[in-house]
Each structure stands twice: as C-alpha cells, then as structure tokens.
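As structure tokens, the structure follows; a few thoughts come after it.
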Protein chains: 2
Amino acid sequence: MTTAEEPARRRGRRPAGEDTKTALLEAARAVFAESGYDGATVRTIAGRAGVDPAMVNHWFGGKEGLFAKAVLHVPFDLNEVVETVTAGGPDKLGENIVRTFLTRWDGAGGESFVALIRSVTTKPEAMQTLRTILVNRIFTDVVRTADSDRPELRAGLGATQMIGLGMARYVARIDPVASADIETLVAAVAPNLQRYLTGELDLPG
Amino acid sequence: MTTAEEPARRRGRRPAGEDTKTALLEAARAVFAESGYDGATVRTIAGRAGVDPAMVNHWFGGKEGLFAKAVLHVPFDLNEVVETVTAGGPDKLGENIVRTFLTRWDGAGGESFVALIRSVTTKPEAMQTLRTILVNRIFTDVVRTADSDRPELRAGLGATQMIGLGMARYVARIDPVASADIETLVAAVAPNLQRYLTGELDLPG
DNA sequence: GGATTAATTCACTATTCGTTGAATTCCTGA
DNA sequence: TCAGGAATTCAACGAATAGTGAATTAATCC
C-alpha cells in the first residue's frame, strides 16, 4: 500500500521539540494548498511531516489551530509590501504589484496564499482573511498613495485582477498563464492593473 | 432543533416522479454553491429538497452523479454564447463579454457557475470543467474571431479577468464590486478585457 | 378492479475523520 | 546519577458520512 514505509519512529521523547512544530506547519501549508481545509486530513498532514497525528492536538490544539497558524497567519510584513510596491511612484504601481505578487506567490512562502484560496470554500475565516489582507490592507493603502477618485472601487477592481491571476496560474492552472515566465505576465497584466488604480474609468451616470 | 419540521411525508409512491428529480437538482445547485462539493452533504441537499437522501442514489447514482448533472452540466448552449458575444464585431468583445457573463451569473440560472467555482477546490473535475468551458470553448473561440496574435495567451488573460471578477463579486463578495450594478462594472472592466483580446500586449523578448 | 411496477422511506453498514487519554521513551536539572 | 517532566506514539471512541437493501405505498396497465 504505502510505498516504502517511513523508518518506523521509536516512541518517547526525541531531541529538539521545535522540529516537529515546523515540520507540521510546512506539511500543513502544502496539504491545505492541495486539498483545502476540508479535503486536508490531520492524518495526511501528520504523515507527510513524519509525525503522529496526535501532535497536531498537542502543539496546535487541533486542526483549527494548525490552520490558523499555518494559513491564516500572514508570514510577512504587509507594510513592507505596501512600501515596496509604492516605491516607484503611482505610475509604476501596476508593474510593481504584479511583479511583487507573482514573485512571492511563485516562491515557496506564497504556498499559504494558494492554501487560502483553496480553503475559501469551507472556511469563512479564509475568505475573511483574503478580503482583509488583499483588499482592505494592500490595495486600499496602495490606491491611497495614488490619490485617485473612487478609491474603494479601484481597490476592488485591482483585487479582481490579482485574484483572477492567482486563480488561473496556481489553482486552475490555465496554460499558458500557468507556465509563462513572470516578466511576460508583468508586461501583459500590469497596464490593465495600472488603469484600474490610476487610469480613466469612464463610469456611467 | 430544526425549525418547524416539514409536514412529514408519507411513504410510498407519490404522483409525478419528475418533481423529485428537479427539486434535487435545484437544491443541489444551491447547496453546492454555498458549501462546495465536500462541504455539501447528501442529507442537506435531500433535506432542502424535502425528500429522502436515498433518492440521490436512486435518481443520480450517488453524490457524484448529482454533482455532474447539477453543476458540471452546462445549462445553456455554448455556441449561442459565443455568437451573442461576437455579434458586435471585435471592438465590442470586451463590453459584450462582461455584460453577458455578469447578466447570466447574476441570474438564478448562473448559480451553477458559483457552485462550479466553489467546487474547484475539492473536485478536480470541476476545475477541468472550468478550464474547458471558460477558456477552451468560450475564450478561444472568441479570440479566434478577432484574429489577434498570441491567441492562447490572450484567451488565458481574458479568463483571469473574468474568473477574478466572478470570485470577487460572488465568492469573496468584495465591496463595492459585489454590490455595483452591471453597467458600472461593464464600463470599468470592459476596456481591460478588450486590451487582453485585441489590444497591444507589448511582450518582452 | 386486481396485478404489476415505480417511487419513496427506513434502518442499517462500512468507512473515515478529529480527538482523547494512557503508555512509553528520552532529555534535563539538581 | 536519578527523579521528574516533556515529547511522542498507540489504541480507541464518538460523530458524521455516503451508500445499500428491504419494506411500503400509490399510480398504472389490462
């Protein structure tokens, strides 16, 4: 059944308790990213971490707690992201945002974002986090630096583009968007995002 | 517990067998849309339809079959959509697509699209359907009528925008995108989609 | 109007999951 | 060096799930 059983851990205390915790966090991010909150099982996560399922309860108080720490907790400084993205001035916002997000998402750290999107279905908190982080924090702050009209709408529109880009590249894996290199996507998407943030919207009424 | 128990159906055959089938389909679309494939339980669906859970097996061969019929099966003619959208010529593509999709999605029949997006997480087939329908069928055919360069990339880019718009408006419910009227969103989004389909992409290399 | 058949419900099973508590083994500090 | 505690495993429980098969009732056909 299970290909090449793991080397059969002995019982009892093992050196360095911290390893288990981080191993669980990494495995959790990966499994939540693949299967979402419901699809991921504690047994699978623990198995991939090479640890007993009971450790999830011991260290995180249960699946819920592990999800909160592994996926809901933002692993980087949001203010730093806003700063990075706004550094080039309002005219470079689109380009900077697309490049920054794709670079982070492509890297391992961004796995938690995929896990987030994958879990939006069954975990309302995941949706809340997506909204809060991506829109309320990032885009609202960024748009403010550009001093455009209708800032809330612009923030929302920007979010649609980035969420859609993430969905297509990481979740739905739609080619050639999924396999394109970052600079190609920057060139293709940045102008559209730029229009949302600082361009003319030509709204009716 | 359950507020005001349903009027306690009698056993045995009841008139007009077709009602149960369609009641199940409608309930399934609603529940799958709310909870995704895994989150939705056969008991919940049957309960909302006012029938016994066993009917799901009887009529659709199980949860899987019900999902296929209710969510994966496209409730309208794809060729008709392509025709509608391309009717105004290449320059009206963005506008027509945004308006057509939002109108359909806002309507009750489009509930299945929300169910689809919600189920993309846990059902690989749902993802496959999303890819096939939205990208391969719709966008690829549409882009072809415009005779642009890089048609596959353009189709994919267009998909990112529409998926993101659907996610923001229906799944994540990001305001003001979620509450805006259709024409506002058409004015805001259509130019961006138009650039993806027929505009200058300025790709590197 | 009686036999047949289709539609429906009910009770049950097997499985899977998250969680728990006890048992076990190893580190650590005095 | 030895006692206490911390990290880990193990076995098992209770809840919830999808699916199955027999029993039951009503419509349909001749």
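Labels below follow one simple rule: chain letters A, B, ... track the order of the sequence lines, proteins then strands, and each chain is numbered from 1.
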For each nucleotide in nucleotides 13-20 of chain D, reading 5' to 3', give B when a protein heavy atom comes within less than 4.0 Å of its base, S when such contact involves only the sugar-phosphate, and - otherwise. ----BBBB
Check whether more than 12 heavy atoms from other residues, nucleotides or ligands sit under 6.0 Å from atom CZ of R48(B), and answer yes or no. yes
Reckon W59(B) has a side-chain N or O less than 4.0 Å from the OP1 or OP2 of dA7(C)? no
Indicate whether OP1 or OP2 belonging to dT8(D) is found under 4.0 Å from a side-chain N or O atom of T20(A). yes
Answer yes or no: is there a side-chain heavy-atom contact under 4.5 Å between K63(B) and I45(B)? no
So, T100(B) versus N96(B): side-chain donor-acceptor pair below 3.5 Å or not? no
Within the 4.5 Å heavy-atom criterion, are T160(A) and Y196(A) side-chain neighbours or not? yes
Over how many whole Å does the gap from L66(A) atom CG to dT19(C) atom C1' extend? 14 Å
For the pair made of CZ in F32(A) and C1' in dG18(C), what is the distance, rounded to whole Å? 12 Å
What integer distance in Å separates M55(A):CE from dT20(C):C1'? 14 Å
side-chain contact (heavy atoms from CB on, under 4.5 Å) filter on R131(A), not counting sequence neighbours, yields M127(A), Q128(A), R173(B), I174(B)
Rounded to whole Å, NE2 of H58(B) lies from P of dC10(C) at a distance of 16 Å
Name the orientation class of the two ring planes belonging to F32(B) and F67(B) (parallel below 30°, tilted from 30 to 60°, perpendicular beyond 60°). perpendicular
